[in-house]
Amino acid sequence: MANIPDRPTLDGIEDRWADQWDTDGTYRFDTSAVRSEVFSIDTPPPTVSGSLHMGHVFSYTHTDLVARYQRMQGKAVFYPIGWDDNGLPTERRVQNFYGVRCDPSQPYEAGFEPPFRGDPPKKHQAVPVSRPNFLELCDELIEVDEQVFEALYRRLGLSVDWEQHYATIDERSRRASQRAFLRNVERGEAYSQEAPTLWDIDFRTAVAQAEMEDRERPGAYHKIPFQVVGDPASTIEIDTTRPELLAACVALVAHPDDERFQPHFGTKVIVPLYGQEVEIKAHELAQPDKGTGIAMICTFGDTTDVTWWRELQLDLRVIIGRDGRILADTPSGVDPDAYAMIAGKYPNQAQRAVVEQLTEQGILIGEPRPIEHPVKFYERGERPLEIVASRQWYIRNGGRDTDLRNDLIARGHEVTFHPDHMRHRYENWVEGLNGDWLISRQRFFGVPIPIWYPLDASGEPVYDTPLVPAEDRLPIDPSTDVPDGYTADQRDQPGGFVGDPDIFDTWATSSLTPQIAGHWEEDDGLFEKVFPYDMRAQGHDIIRTWLFSTITRSHHEFGVVPWNHAALSGWILDPDRKKMSKSKGNVVTPMDLFDQYSTDAVRYWAGSGRPGVDTAYSEEQMKVGRKLANKLLNVSKFVLSFGDVDMDAALADTVTDPIDRSMLAKVDATIAEATTGFDAFDYARALERTESIFWWFCDNYVELVKSRAYESLGPDAAASARRALREALSSLQRLLAPFLPFATEEAWSWWHDTSVHAASWPTASDLGGDPTTIDATIDALTLVRRAKSEAKVSQRAEVAALAISAPESLHAALEAGRADLAAAGSIETITIDPASADALSCDVTIAPTDDV
RNA sequence: GGGCGCAUAGCUCAGUUGGUUAGAGCGCUGCCUUCACACGGCAGAGGUCAGGGGUUCGAAUCCCUUUGCGCCCA
C-alpha cells in the first residue's frame with residue numbers, strides 16, 4: 001500500500017493537489033469529444049474589480065459540484081471561466097487606486113506615471129488623464145486583480161479548464177461583442193434613436209432599465225394652483241413632489257373616469273411663475289387617489305412622464321441638462337425672468353428657490369406635506385436619475401413589441417429552471433419591460449461601438465446611414481480605425497466621418513458568454529460541440545440582467561435558447577439573516593476560512609445550501625465539514641489497513657456474509673439517491689444522503705465488523721468483510737469527491753494511481769443483499785452501548801450475557817450478525833428469544849470488573 | 001398594488017406521489033484517555049410541525065384562511 005501517513009491531515013493538501021491536477025490536466029476539456037459526450041457550462045464572469053466574498057465561494061462551488069459529477073459520469077466537461085473586467089466598476093477602481101480621472105480632452109502622455117498606486121489620500125484631487133492613458137491603467141490593474149481571483153478559485157478547487165480562460169475586454173470578447181452587435185444592426189434588432197433616456201448625472205451616462213432601482217426617499221407634496229385660462233376665478237390644484245420642474249410642465253393629466261376633472265379635459269391652465277399655457281389631458285395612468293388626483297406632466301420628471309409625453313403627443317420642454325443642472329436657455333413660452341432664478345442650479349437647489357418664490361408670492365397652498373416615496377436611482381448611483389433626451393443604441397428585447405416579448409417568454413419555457421419557481425422572476429421581468437434595451441454608455445473602458453457616421457457638408461453626423469466595418473476587421477476602435485473608403489485625415493471633417501464615441505454596457509458583452517467562451521465563429525469547431533450549453537449557473541439576483549440578456553442575444557442570433565438548464569444559487573445571509581455586505585462590515589475573507597477550516601470544509605458548507613435558497617453564513621457548518629473530511633481520511637486509513645485484498649476476484653464470490661451484503665445494499669440505495677439528486681442539479685440532496693450513509697458506515701458497520709476483518713473468525717469471514725469495506729469505501733470516496741475534492745483525492749491516492757476525479761461515478765454492487773438484514777444487529781448493539789453508558793462503564797467493558805427478545809421475523813437476521821455483535825460488544829454469550837411485543841429489547845448483564 | 005418563496009427541536013435545516021412512534025447536525029447533559037480518528041467515540045434530554053378551518057380511514061405533507069418574515073416586479 002502506498003504511503004498512508006500516521007496522522008492524516010487536511011492542512012496543506014490543497015496546494016499540493018491543485019498543482020498535481022494542473023500538471024496532469026485533470027480538468028482539461030477533451031476537444032475530441034462529440035457533442036453527445038459533452039457537458040458544457042456557462043458560468044458568470046466575476047467582476048474582478050469587486051471584492052471577493054463568500055457569495056462567490058458559495059455559488060461557484062455549486063457549479064463545480066455539478067461539473068465534477070458530470071465528469072465522473074464520463075462526460076467531457078466544458079467548464080471555462082472568464083473575468084468581467086470591462087465597465088464602470090473597473091473605472092471606479094482605477095480612479096480610486098491611482099488617483100486619476102479620465103478626461104478625453106487631455107493629450108496622450110507616453111510613459112505616464114500615476115500619482116499613486118493604491119490608497120491615495122482622501123484630500124487628493126484626481127489627476128485628469130487622457131483616455132488612452134486611462135485605459136492603460138485599467139489594463140494594468142485588472143491584471144493584478146485577476147491574479148487574486150485566480151488564486152482564490154484555484155484554492156477553492158474549481159475544476160475549471162484554465163486553458164479556456166477569457167476576459168470580457170480581451171480581443172476575442174471584443175470581436176464577438178462587435179460581431180454580434182453588427183448582426184443585430186443588420187437584421188434590424190439593434191438601432192439608434194434620439195429619445196428620453198434614464199441618465200445618471202454623476203457618471204454622466206445613460207442607464208438601462210435593468211440597472212435602475214427604486215429607493216424610498218423623503219419628499220414632500222407641494223399643493224399648487226393653476227389658473228384656468230379665461231376664468232381667472234377658477235383654479236385647478238395639483239400636488240407635486242417636484243415643484244422645480246414647473247418650468248418644464250407641458251400638460252396636466254387626470255384619469256379619464258375621474259368625474260371631478262371630466263369637465264376640464266381639453267381646457268387650458270396657466271403654469272404659476274412661468275406663465276406657459278398647458279392643456280388638461282386624460283390618461284388612464286393618472287392615479288385619482290394620489291395627491292389631488294390630477295398631476296402635472298413635465299419633460300421629464302419620471303418614466304411616466306415619458307409615456308404621457310409619447311402617447312399624448314405633447315410638446316418637449318427640457319430644462320435639465322446632462323450635468324444634472326437646469327439648462328441656461330429659457331424654454332419657449334416660459335417667462336425668462338422667473339426661469340433665470342433656477343438656471344444653472346441642481347434640482348434640489350432649484351426646488352428651494354422655486355418653493356421660496358411660490359411662498360413669497362402667496363401661491364403655495366398650505367405647507368409642504370412630507371412623504372416617503374420611491375425614487376429611481378442607478379443601482380451604483382448616489383443621486384436620483386434624471387431623464388434627458390439623447391441619442392443612444394438599443395437592442396430590441398420585447399419592451400416595445402408584444403410578439404417579441406411573447407417569443408422571449410416562450411424561450412423561458414424551453415429552459416429548465418432549478419429551482420423551478422425562479423422562472424417567475426424571468427417572466428415578471430419580461431412582462432414589466434417598458435422599453436428596449438439601452439446598450440450604449442458614455443464611458444471609457446469597454447468594448448467600443450464599432451460604428452462611424454458620415455459627416456454632411458456642414459459637419460453634422462448622418463445617423464441614418466452609419467458606416468460599419470467588415471466582420472474580418474473586427475475588433476475595431478472607431479476612434480482610431482478608419483472606415484472603408486475614407487482616409488484618416490477625413491476624421492471629424494465635413495464630408496468625412498466621425499466615430500461613435502460610446503462603448504457598450506458590460507451586459508451587452510457578458511450576454512454573449514456562451515459565444516465568447518465557445519469560440520463562436522473562430523473556426524476551430526469548438527462552438528458546435530458546446531452550444532447550446534447544458535447548464536447556466538448564476539445567482540438569482542441577476543435573472544433580469546444576465547440571464548434575460550443572454551436569452552435575448554441567443555434568440556436573435558440563433559433562434560434557440562443558449563442552454564437547457566439554469567441553476568440558480570441563493571445569497572449568503574449573515575447569521576442575523578441579513579444579506580452580507582461590505583458596508584455592514586460583516587464580510588469574511590474566504591482565504592482565511594480556507595486556512596482555518598480547510599477548503600473542503602467550506603465547500604461542504606456551500607454544498608449544503610440548497611439550490612436557489614438563501615443560506616446563512618455558518619462557521620458551525622464548516623466545522624461539521626471539517627469533521628467529515630477528517631473522518632474520511634481516518635476511516636480510509638483504517639479500512640485500508642487490513643492487509644491486501646484481492647480486488648480481481650469476483651465481488652459476489654468474496655463478499656458472502658449477509659451482514660456485508662446488507663451494508664452494500666444500503667450503499668447501493670444511497671448511490672441511486674445521490675445520482676437522482678445530481679441529475680436534477682440537487683447537489684445538496686446528494687450530499688445529505690451520502691453524508692448520512694457515510695456516518696452510519698463509520699459508526700455502525702465498521703465497528704460491527706472490524707473484529708472479523710482482523711480475522712477473529714477465520715480468513716474467509718475476514719475476506720468478506722475486508723472486500724466489503726473496500727467496496728463501500730470506494731463508493732463513498734467517489735460519492736464525496738465532488739464535495740470534498742481534496743480530502744477524497746488524498747485518501748484515494750493511498751490505493752490508486754489515478755485521480756478520483758477521473759474515476760467513474762459509483763454504481764450499485766448489486767449483490768442482492770437485503771438492506772434491512774443488518775438493522776436488527778445494529779439495534780441490539782445500540783442497546784448494549786446504552787446499557788454500558790447507563791452503567792457508566794467503558795464501551796470496551798465485557799458483557800457476560802446478552803438476552804435479546806425479538807419478534808421471530810428478526811431471528812434469522814440476528815443470527816446472521818450474532819458473531820459480529822458478540823465481538824463488537826465484547827459479549828460472552830448471546831441468547832435470542834421470541835418476544836411478545838413487536839419491538840426488539842435486550843437484557844444486558846455486564847461482567848463484574850476486577851477492581852485493582 | 002401584482003407575483004414568488006419561507007414558517008418543523010434552543011440554532012441551522014431534511015422530511016420525495018398523504019401512510020407506523022416526525023429526522024439529522026450543531027448546541028446542551030452524562031459517560032468513555034478505545035490499539036483509524038480527543039479535530040474522537042457512545043448515549044441521553046429536547047417538537048401543539050406558525051394559528052384556525054376543511055378533505056381523508058389517516059395530514060408536517062392536499063385545499064381554504066389568518067398572521068409573521070424574506071425576495072422579485074410596478
[X] [atom1] to [N] [atom2]: how many Å, rounded?
| X | N | atom1 | atom2 | answer |
| --- | --- | --- | --- | --- |
| His540(A) | rG70(B) | NE2 | P | 14 Å |
| Tyr683(A) | rA14(B) | OH | C1' | 15 Å |
| Glu688(A) | rU12(B) | CD | P | 17 Å |
| Ile542(A) | rC72(B) | CD1 | P | 13 Å |
| Gln795(A) | rU34(B) | CD | P | 12 Å |
| Lys788(A) | rC32(B) | NZ | C1' | 11 Å |
| Asn700(A) | rG41(B) | CG | P | 12 Å |

Aromatic centroids of Phe638(A) and Phe697(A) separated by under 6.0 Å: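 Phe697(A) vs Phe638(A): aromatic centres not under 6.0 Å.
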
Contacts under 3.5 angstrom, residues 774-783 of chain A side chains, donor-acceptor by atom type, not counting sequence neighbours:
residue, atom, partner, partner atom, Å
Asp775(A), OD1, Lys666(A), NZ, 2.9
Thr782(A), OG1, Ile778(A), O, 3.0

Quick one: which protein N/O atoms are closer than 3.5 Å to N/O atoms of nucleotides 3-7 of chain B? Pair and distance per line, please.
residue, atom, partner, partner atom, Å
rC4(B), O2', His421(A), ND1, 3.3

Pairing annotation in dot-bracket form, given for RNA chain B with Watson-Crick or G-U pairs under 3.5 Å and | for cross-strand partners: (((((((..((((.....[...)))).(((((.......))))).....(((((..]....)))))))))))).

By the 4.0 Å heavy-atom rule, please label [X] as base, sugar-phosphate, or nothing.
| X | result |
| --- | --- |
| Gln209(A) | sugar-phosphate |
| Arg785(A) | sugar-phosphate |
| Thr676(A) | nothing |
| Tyr710(A) | sugar-phosphate |

Candidates rA43(B), rC73(B), rU34(B) - which lies nearest the side chain of Ser794(A):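 For the Ser794(A) side chain, the nearest candidate turns out to be rU34(B).
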
For nucleotides 67-69 of chain B, list the nitrogen or oxygen atoms of the protein found under 3.5 Å from its nitrogen or oxygen atoms, one pair per line.
none

Whole-angstrom distance between rG15(B) and rG3(B), as gauged at atom P: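 rG15(B) and rG3(B) have their P atoms separated by 27 Å.
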
Base rC42(B) to side chain Ser789(A), donor-acceptor N/O within 3.5 Å cut-off: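 In this structure, the two groups form a donor-acceptor pair.
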
Salt-bridge criterion met for Asp541(A) and Arg425(A) (N-O under 4.0 Å):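 Judged by the 4.0 Å cut-off on N to carboxylate O distance, Asp541(A) and Arg425(A) do not form a salt bridge.
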
Pairwise N/O distances under 3.5 Å, protein to nucleotides 24-26 of chain B:
residue, atom, partner, partner atom, Å
rC26(B), OP1, Lys627(A), NZ, 2.6
rC26(B), O2', Glu620(A), OE1, 3.1

Summary of protein contacts for nucleotides 16-21 of chain B, nucleotide by nucleotide, where a base hit scores B, a sugar-phosphate-only hit scores S (4.0 Å, heavy atoms): B-----

